[in-house]
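Lettering of chains follows the sequences in order, A, B, ..., and the numbering in each one begins at 1.
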Number of protein chains: 2
Amino acid sequence: MSAHPGLAYPCLDTPRERAVGYDAVMETELAPARTGGRLVELGPGLALPGFTLTLSPNEEAFGEEEEADFVYKVLSGAVRTTRLLSDGRRQIGAFYLPGDVFGLEFGPVHRFSAEAVTQTDVAIVRRSAVERAAERDPAIARQLWTLASHELADLQDHMLLLGRKNASERVASFLLKLSRRAHSRVIELPMSRCDMADHLGLTLETVSRTMSQMARSHAIDLPNARRVVVHDLEALAA
Amino acid sequence: MSAHPGLAYPCLDTPRERAVGYDAVMETELAPARTGGRLVELGPGLALPGFTLTLSPNEEAFGEEEEADFVYKVLSGAVRTTRLLSDGRRQIGAFYLPGDVFGLEFGPVHRFSAEAVTQTDVAIVRRSAVERAAERDPAIARQLWTLASHELADLQDHMLLLGRKNASERVASFLLKLSRRAHSRVIELPMSRCDMADHLGLTLETVSRTMSQMARSHAIDLPNARRVVVHDLEALAA
DNA sequence: CGCAGGTTTGACTTCACTCAATCGGCGTGG
DNA sequence: CCACGCCGATTGAGTGAAGTCAAACCTGCG
């Protein structure tokens with residue numbers, strides 16, 4: 001689960017074995033620590049019975065092409081959704097922080113795999129339960145559409161970022177988004193430089209250099225590698 | 001509608017005036033040629049009353065931030081959805097070809113503007129009619145989810161392309177997708193090199209060079225600038 | 001203390017961008 | 001019919017932003 005051969009692609013363990021053998025993880029349906037049932041609040045006024053479980057760093061919640069049988073909500077920690085090219089190049093679709101719902105699909109299968117960035121508690125609800133609730137109650141259906149809507153909006157913003165922004169604009173946009181989301185100038189980065197790079201379509205070195213440069217120009221403070229104080233990024237974010 | 005000042009950004013007319021004054025186009029609700037009512041088939045078994053209209057090249061169907069009151073289907077021609085950065089950099093989200101549905105939003109407003117690439121006939125259906133139909137008939141609701149699902153899948157594929165593929169992989173993927181969609185090795189490109197570039201996150205020169213190189217290596221034929229015969233692109237598409 | 005992981009920094013390379021000239025097809029008007 | 005101009009596409013030369021490879025640097029931990 002941790003050792004792996006010297007692979008061309010830089011960061012992260014299990015880039016390859018995941019792609020071929022991830023289903024082993026789920027073979028007992030939900031292998032990791034599964035605690036008792038409870039009500040899970042997927043959105044405002046959208047509470048459904050479900051379970052919670054704990055994922056250790058880099059552990060998978062679900063894999064690409066797997067049946068999308070559950071909907072997830074982050075309780076603590078952070079989750080990333082990833083997609084791989086056959087040669088190991090990786091794209092991180094999004095990061096999900098406490099309160100965020102992920103794994104909500106339109107189709108029958110997941111199009112990304114989802115892994116814990118750090119130790120993470122997630123709540124899960126059976127998709128069938130969600131769908132039944134949505135059919136019963138139009139307000140719930142609307143809630144789900146709102147969730148999907150925000151997700152899609154993020155995705156489209158990100159497409160513009162990947163297609164047309166340069167390195168410092170990408171990093172600035174990303175940090176700014178985290179800062180807004182946290183309602184704070186001080187942000188704690190749960191993810192590595194490599195995760196950021198794979199999200200922003202850059203290399204980890206470029207991310208690091210860009211952040212150092214931002215610190216030098218006092219656009220941010222960087223008390224340590226995983227903590228950022230945002231000062232003046234609006235102008236850089238394009 | 002065609003003359004415009006010398007602008008930093010290369011291609012296409014009305015890059016700037018669109019962003020500020022597009023609503024003028026729609027001020028009479030639906031200004032362009034609007035022909036009589038008819039049944040519009042949005043999906044298999046999803047026919048609703050609507051209208052058809054004709055858009056001339058570069059004419060807008062709707063603008064970013066506009067109310068999403070209609071759902072559209074391409075009857076002939078081609079449509080692109082675009083998003084602009086304040087300095088004019090442009091990202092084309094997707095191209096829609098005959099049979100494709102676009103403008104279907106989760107939220108109340110459009111997040112992209114949509115413009116005709118060439119002269120284009122589109123059918124439009126009131127969104128409220130679509131929503132009412134979906135509430136009446138779960139099969140229709142499922143149809144809509146399927147449409148949304150495919151759209152999202154495309155978007156996610158495209159994110160991987162923009163984040164992690166190089167120029168020739170991008171162009172190859174794009175041409176291959178068009179070829180599959182047309183069920184033909186011979187494809188007719190309705191869009192300019194610049195449109196392709198703004199979709200693929202490249203410059204028009206790089207797109208042109210890449211296609212020339214593919215022709216030289218016999219991966220494609222290029223009988224003329226707007227026609228491509230696909231021979232051997234799978235290996236290049238990554 | 002020493003190792004392992006992630007991070008930073010440096011030197012060098014390269015892929016794609018920029019700027020600019022040329023080409024080619026098409027429509028218009030002499 | 002041909003010449004001209006226009007617009008998009010192509011090609012070339014040179015540059016630069018980000019990538020690659022590699023070394024050094026932290027920081028936490030056994």
Side-chain angles (χ1 to χ4, degrees), chain A residues 2-4 6-14 56-58 87-90 117-118 161-172 188-198 200-216 220 222-228 236 238, chain B residues 2-4 6-14 57-58 87-90 117-118 161-172 189-198 200-216 220 222-228 236 238:
Chain A
S2 55
H4 61 91
L7 190 81
Y9 203 62
C11 42
L12 201 69
D13 352 65
T14 60
S56 18
N58 300 322
D87 63 357
R89 279 175 289 176
R90 184 177 73 150
V117 175
T118 59
L161 178 148
L162 291 174
R164 285 292 172 234
K165 293 188 182 178
N166 64 28
S168 49
E169 290 168 343
R170 292 180 198 207
V171 173
E188 215 65 45
L189 301 176
M191 72 292 285
S192 67
R193 295 289 183 269
C194 182
D195 280 349
M196 289 179 59
D198 282 348
L200 300 175
L202 300 169
T203 60
L204 66 97
E205 292 94 334
T206 297
V207 171
S208 178
R209 267 186 257 273
T210 303
M211 289 179 67
S212 299
Q213 178 50 42
M214 284 172 172
R216 249 174 275 130
I220 61 175
L222 214 46
N224 66 60
R226 296 298 185 106
R227 166 168 293 171
V228 181
L236 293 176
Chain B
S2 56
H4 62 91
L7 191 81
Y9 203 64
C11 41
L12 202 68
D13 353 63
T14 59
N58 301 322
D87 64 357
R89 280 175 288 177
R90 184 177 71 150
V117 175
T118 59
L161 178 149
L162 292 174
R164 286 292 173 234
K165 292 188 183 178
N166 64 27
S168 49
E169 289 168 343
R170 293 181 196 207
V171 173
L189 302 176
M191 72 292 286
S192 67
R193 295 291 184 266
C194 182
D195 280 349
M196 289 180 58
D198 283 348
L200 300 176
L202 299 169
T203 60
L204 67 96
E205 292 95 333
T206 297
V207 171
S208 177
R209 266 187 257 274
T210 304
M211 289 178 66
S212 298
Q213 178 51 42
M214 284 172 172
R216 250 174 275 131
I220 61 175
L222 213 47
N224 66 60
R226 297 298 185 106
R227 166 168 293 172
V228 180
L236 293 176

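Straight-line distance from the CG atom of B/Leu222 to the P atom of D/dG8: 18 Å, rounded to whole Å. Put simply, CZ on A/Arg227 is 17 Å from C1' on D/dC26, counting in whole angstrom units. Separating the CZ atom of B/Arg193 from the P atom of C/dG25 is a distance of 14 Å, rounded to the nearest angstrom. Rounding to whole angstrom units, CG of residue A/Leu162 and P of C/dA16 are separated by 16 Å. Across the protein-nucleic acid pair, A/Arg89 atom CZ and C/dC15 atom P stand 13 Å apart, rounded to whole Å. Atom-to-atom, CE of A/Met214 to C1' of C/dT8 comes out at 16 Å; the value is rounded to the nearest Å. One can place CG of A/Leu204 at 10 Å from P of C/dT8, the figure rounded to the nearest angstrom. For the pair B/Gln213 CD and C/dC15 P, the interatomic distance rounds to 12 Å; values are reported in whole Å.
For B/Thr206, the side chain to side chain donor-acceptor pair (under 3.5 Å) criterion is met by B/Thr203, not counting sequence neighbours.
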What N/O pairs connect the protein and nucleotides 27-30 of chain D at under 3.5 Å? Give each pair on its own line.
none

Below 3.5 Å is the cut-off: list the nitrogen or oxygen pairs between protein and nucleotides 17-20 of chain D, distance only.
{"unit_1": "D/dA18", "atom_1": "OP1", "unit_2": "A/Ala167", "atom_2": "N", "d": "2.8"}
{"unit_1": "D/dG19", "atom_1": "OP2", "unit_2": "A/Thr203", "atom_2": "N", "d": "3.2"}
{"unit_1": "D/dG19", "atom_1": "OP2", "unit_2": "A/Thr203", "atom_2": "OG1", "d": "3.1"}
{"unit_1": "D/dG19", "atom_1": "OP2", "unit_2": "A/Thr206", "atom_2": "OG1", "d": "2.4"}
{"unit_1": "D/dT20", "atom_1": "O4", "unit_2": "A/Arg209", "atom_2": "NH2", "d": "2.8"}

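Closest heavy-atom contact between A/Gly201 and B/Arg164: C-NH1, 3.6 Å. Counting all heavy atoms, side chain and backbone alike, A/Val228 lies closest to A/Leu189 at CG2-CD1, 3.9 Å.
Applying the 4.0 Å criterion to OP1 and OP2 of C/dT9, one finds that A/Ser208 has every side-chain N and O outside that range.
If you check every strand for non-hydrogen atoms under 4.0 Å, A/Arg226 touches sugar and phosphate atoms only.
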